[in-house]
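So the structure is just underneath, and the comments pick up after that.
One is the number of the first residue; the rest follow in order along the sequence. Side-chain atoms are counted along with the backbone in the values below, which use heavy atoms only and exclude waters and symmetry mates.
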Amino acid sequence: MCKSHVLSVSSAKAPFEKTTIERRALRPDDILIDIKFSGICHSDIHTAFGEWGETIFPLVPGHEIAGVVEAVGSAVTQFAVGDRVGVGCFVDSCGECEYCLKGEEQFCTKGVVSTYNALDYDGQPTHGGYSQKIVVTERFVVRIPDSLELDVASPLLCAGITTYSPLKHWNAGPGKKVAIVGMGGLGHLAVQYAHALGAEVTVLSQSLSKKEEALAFGADHYYATSDPATFKELANRFDLILNTVSANLNVDAYLSLLRVDGTLVNVGAPSEADTYHAFSLIMQRRNLAGSLVGGIRQTQEMLDFSAEHGIKPQIERISADQVDEAYQRVLRSDVRYRFVIDISTL
């Protein structure tokens, strides 16, 4: 067993405490990672606040993990001590079902094991990246390219793949008009990926306050959704709209912006249900969809693509003592654009 200092919460909305957990002893296919940085995802906040169903307390959040291999099991072949690696939203799956065999472990029919707030196949709670160490089976570890600094790489393990995967799945590229709803932690990466893939990119945000930043990230156009004229001007415009916000929207209004056969994809997940009228879909054969993340192969593809195209999140590094404050700032949208915890301060 390996002891690790962690940040954990004992109940919903409780403050973080520095505590200690035990990681499992290395199995033959396991990797022990010395965590250097862990990004803060809005999912961490929803879970720590008990907003997404039952939370397993004490909770150690974090699924944007970047670090260095400290030790490997006897059967590990793809990684060695000293390698720069990452771990995302999942740490195990059956490896045998049709989706695992296709490299889409997130849809494992046995049930993929989340990096935190889950039970592994032995019935033990999983604990995430707000931690000094983590033990993960080899096939759920990805390699971080040398040109990506570990701190900026960490948010890519969730925010990056969450936005890259649907853009690839719905064929964002040359000749396609893509709109990104929201210019936050997900949105500012979605803009960069859609631009690098060759699409014409429009940002839809509540106000014009982030217009210059969005254009610098690669957006071609920027509109304020608080202006009713926006929805008239952009009617029937887009092939794909990627909604990155975690607040309820006027779904019918956004569906009206789609062309025939266009798709509105949700990656933001509000705690309350959305509503829409069926005719918003029927009349133009529009699609309303959702996307989770990508599998391990696509996560590695995303990291390599990010390195090749110089795509990086804009981050604010914080210490372990600043996590409670960072949660409140995320809720106030007071971050440009992702918080990353320096685990050396734990």
Discussion item. Using the rule given for side chain to side chain donor-acceptor pair (under 3.5 Å), can you reason through Thr137 versus Asp92, listing the C-alpha separation, both sets of side-chain angles and the distance that settles it, and then say yes or no?
Written reply: CA-CA 7 Å; Thr137 185; Asp92 205 1; 5.4 Å; no
Item to complete: Identify the heavy atoms of Cys89 and Val293 that sit nearest to each other, and give their distance.
Response: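 Where Cys89 meets Val293 most closely, the heavy atoms are SG-CG1, 4.1 Å.
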Worksheet item: What are the two closest non-hydrogen atoms of Cys100 and Ser93, and how far apart are they?
Response: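 For Cys100 versus Ser93, the nearest heavy atoms are SG-OG, 3.1 Å.
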Could you tell me whether the side chain of [Y] reaches within less than 4.5 Å of the side chain of [X], counting heavy atoms only?
| X | Y | value |
| --- | --- | --- |
| Leu292 | Phe90 | yes |
| Asn266 | Leu288 | yes |
| Met183 | Thr244 | no |
| Phe339 | Gln322 | no |
| Asn236 | Arg286 | yes |
| Val267 | Pro166 | yes |
| Val9 | Thr55 | no |
| Thr115 | Ile134 | yes |

Should the heavy atoms of other residues, nucleotides or ligands under 6.0 Å from [atom1] of [X] be counted, would the total exceed 12?
| X | atom1 | answer |
| --- | --- | --- |
| Arg285 | CZ | no |
| His309 | NE2 | yes |
| Gln206 | CD | no |
| Arg329 | CZ | yes |
| Lys13 | NZ | no |
| Tyr99 | OH | no |
| His42 | NE2 | yes |
| Tyr276 | OH | no |

Indicate yes or no for a side-chain donor-acceptor contact from [X] to the backbone of [Y] under 3.5 Å, with no hydrogens or angles considered.
| X | Y | answer |
| --- | --- | --- |
| Thr345 | Ala320 | yes |
| Glu105 | Gly295 | no |
| Arg84 | Ala66 | no |
| Thr225 | Leu204 | no |

Under a 4.0 Å N-O cut-off, is there an ion pair linking [X] with [Y]?
| X | Y | value |
| --- | --- | --- |
| Arg259 | Asp261 | no |
| Arg317 | Asp342 | yes |
| Asp122 | Arg27 | yes |
| Lys312 | Glu149 | yes |

Practice prompt. List in chain and number order the residues that pass salt bridge (charged side-chain N to carboxylate O under 4.0 Å, His left out) with Glu301, two or more places apart in sequence or in another chain; answer none if no residue qualifies.
Written response: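 Once residues adjacent in sequence are excluded, the partners of Glu301 under the salt bridge (charged side-chain N to carboxylate O under 4.0 Å, His left out) criterion are Lys168.
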Discussion item. Does the structure place the NZ or CZ of Lys177 under 6.0 Å from the centre of the six-membered ring of Phe238, at an angle of no more than 45° from the ring's axis?
Written reply: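 Checked: cation-pi criterion not met.
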Item to complete: Decide yes or no on side chain to side chain contact (heavy atoms under 4.5 Å, CB included) for Thr77 and Glu138, but give the supporting numbers first.
Response: CA-CA 8 Å; Thr77 60; Glu138 176 182 26; 3.8 Å; yes
Under 4.5 Å between side-chain heavy atoms, counting indirect links through other Ile/Leu/Val/Met/Phe/Trp/Tyr residues: same cluster for [X] and [Y] or not?
| X | Y | result |
| --- | --- | --- |
| Leu258 | Leu242 | no |
| Ile45 | Tyr116 | yes |
| Tyr254 | Val178 | no |
| Val113 | Leu32 | no |
| Val245 | Tyr327 | no |

To the nearest 0.5 Å, what is the distance between [atom1] on [X] and [atom2] on [Y]?
| X | Y | atom1 | atom2 | result |
| --- | --- | --- | --- | --- |
| His5 | Leu7 | NE2 | CG | 11.5 Å |
| Lys133 | Lys3 | NZ | NZ | 14.5 Å |
| Met302 | Leu167 | CE | CG | 12.0 Å |
| Ile161 | Ile296 | CD1 | CD1 | 9.0 Å |
| Asp30 | Phe140 | CG | CZ | 12.0 Å |
| Asp321 | Leu346 | CG | CG | 9.0 Å |

Discussion item. Assess the residue pair Ser291 and Ser165 against the criterion (side chain to side chain donor-acceptor pair (under 3.5 Å)); give the C-alpha distance rounded to whole Å, side-chain angles, the decisive distance to 0.1 Å, and a yes or no.
Written reply: CA-CA 8 Å; Ser291 181; Ser165 185; 4.5 Å; no
Could you label the plane-to-plane angle of the [X] and [Y] rings as parallel, tilted or perpendicular, counting under 30° as parallel and over 60° as perpendicular?
| X | Y | value |
| --- | --- | --- |
| His188 | Tyr337 | parallel |
| Tyr223 | His221 | tilted |
| Phe16 | Tyr130 | tilted |

Discussion item. Side chains of Ser154 and Arg338 only: does a donor on one sit below 3.5 Å from an acceptor on the other?
Written reply: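 Short answer, no.
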Worksheet entry | Test side-chain contact (heavy atoms from CB on, under 4.5 Å) applied to Val142 and Asp304, Val87, Leu157, the passing residue |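 That would be Leu157; it is the only one of Asp304, Val87, Leu157 passing the side-chain contact (heavy atoms from CB on, under 4.5 Å) with Val142.
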Practice prompt. Tell me, with the steps shown, if Ser43 and His63 meet side chain to side chain contact (heavy atoms under 4.5 Å, CB included).
Written response: CA-CA 9 Å; Ser43 300; His63 56 207; 4.0 Å; yes
Item to complete: Decide side chain to side chain contact (heavy atoms under 4.5 Å, CB included) for Ile31 and Asp83; before the verdict, give the C-alpha distance in whole Å, the side-chain angles of both, and the deciding distance to 0.1 Å.
Response: CA-CA 11 Å; Ile31 293 175; Asp83 284 350; over 6 Å; no
Fill in: Check against side chain to side chain donor-acceptor pair (under 3.5 Å), Arg23 and Ser131
CA-CA 10 Å; Arg23 299 293 191 181; Ser131 171; 3.2 Å; yes
Discussion item. Could you go through Phe231 and Leu257, starting from their C-alpha distance and side-chain angles, then the distance that decides it, and tell me whether this counts as side chain to side chain contact (heavy atoms under 4.5 Å, CB included)?
Written reply: CA-CA 7 Å; Phe231 290 90; Leu257 305 181; 3.9 Å; yes
